[in-house]
Structure formats: structure tokens, C-alpha cells
Novice: 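What follows is a structure written as C-alpha cells; I'll ask about it next.
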Amino acid sequence: MSLTEYRKKRDFKKTPEPKPVRAAAAATAPCASLIYLIQKHRASHLHWDLRLEEGGELLSWAVPKEPPAAGGVRRLAVQVENHTLDYANFEGTIPEGEYGAGTVEIWDRGTYAPVETEPGRRVVDLRGRKLKGRYALIKLKPKDEKDKNWLFFKLKDKSA
Ligand SMILES: [Mn+2]
């Protein structure tokens, strides 16, 4: 996935969201700490945008309900277009009439470490202020090509 869809959906003359800079798509050093964040997005429907840095972009999922700090709660997470890395610092108001119109605030931020990365399955260790510990993202069997539904949940802490 590239940032083509991210660019296509936005008019950077109208939205304050960051415009991708081509030169900034530098490869991430393998040992560098990777960005994890969640933005609370009050758009037409309130949701939380979960973002994980990978390959110089932010993989992104829209979570319709508040992400769980504890185990035992599974949340739907709909994968959306990759976002530019600069989006990790974005807070503000997307104007009426623009894609995602509404307010964006950073709800949680930190770093993460990938534990398992397979197509349709990711396990990550999150080190945020609100979400900490091991989480899984599991892609649900798609009913059609457009289906990008995943489940996001905290794995049980074996040491507890
Ligand atoms: Mn959003």
C-alpha cells in the first residue's frame, strides 16, 4: 500500500492535514523504535484511528469504539489507507466538506515492537500511555474484496 489513496482523498489546499513529502519516505532502520498512536476522530461517526509505523508510513485502522486497555474486549478495526508519517503529530480540525471532516486529537501515543507479522495477522507490543502490553490484530475472512475488517484486542498477560 502506498500513499496514493491518502493523497487522492484529500485537498491539501483545504485540509490542515500533512501533505506527504516524497523525500520523507526514507526506510526505517530495523532497530529504530516504531511509532504507535491512536487519534480520537470526531467525524460524522466518532472513532479511534489506530496507527502503526511500517516502511516509512503509518498503517491505519478505524476503530468505532474506544480501544480496550484490558483483555477480554474485542474491537472491530477497519483498515483504511496508509497515512503519511507526519500524521503522527497531527491534531486539528478538518474543515466541513473535506474527507474526514471533524476534529482529530491524539488519544494515545508511544512506540511499539512487532512480535508477529503475517498477512492478516499482527501481534505487537504497545508502549503507550493508555495501551500497554501485547495486542493482536486479526483480519476477518473478507466477504468481498473491499472488506477490510479486522479484530483488535489485548492478549491475556501470561504473567498475571
Ligand atoms: Mn479517522
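As the structure lists them, so they are numbered: ligands from 1, and atoms in each ligand from 1. Note that the coordinates shown come from a computational prediction; the quantities given were computed from them, not determined experimentally.
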Novice: Would you say Lys9 has more than 12 foreign heavy atoms packed within less than 6.0 Å of its NZ?
Specialist: yes
Novice: For ring pair (Phe, Tyr, Trp, His ring centres under 6.0 Å), just list the numbers for Phe153 and Tyr135, CA-CA rounded to whole Å, side-chain angles, deciding distance to a tenth of an Å, and then say yes or no.
Specialist: CA-CA 6 Å; Phe153 54 95; Tyr135 281 76; 8.6 Å; no
Novice: Restricting to N, O or S atoms of His41, which is nearest to the Mn ion (ligand 1)?
Specialist: ND1
Novice: Not counting sequence neighbours, list each pair that qualifies as a salt bridge (charged side-chain N to carboxylate O under 4.0 Å, His left out) and has a residue in residues 131-146.
Specialist: Asp125-Arg134
Novice: In chain order, what residues pass the side-chain hydrogen bond (donor to acceptor under 3.5 Å, both in side chains) check against Asn89, with sequence neighbours excluded?
Specialist: Arg109
Novice: Have a look at His47 and say which of its N, O or S atoms is nearest the Mn ion (ligand 1).
Specialist: NE2
Novice: Check all N, O or S atoms of Asp49 and name the one closest to the Mn ion (ligand 1).
Specialist: OD2
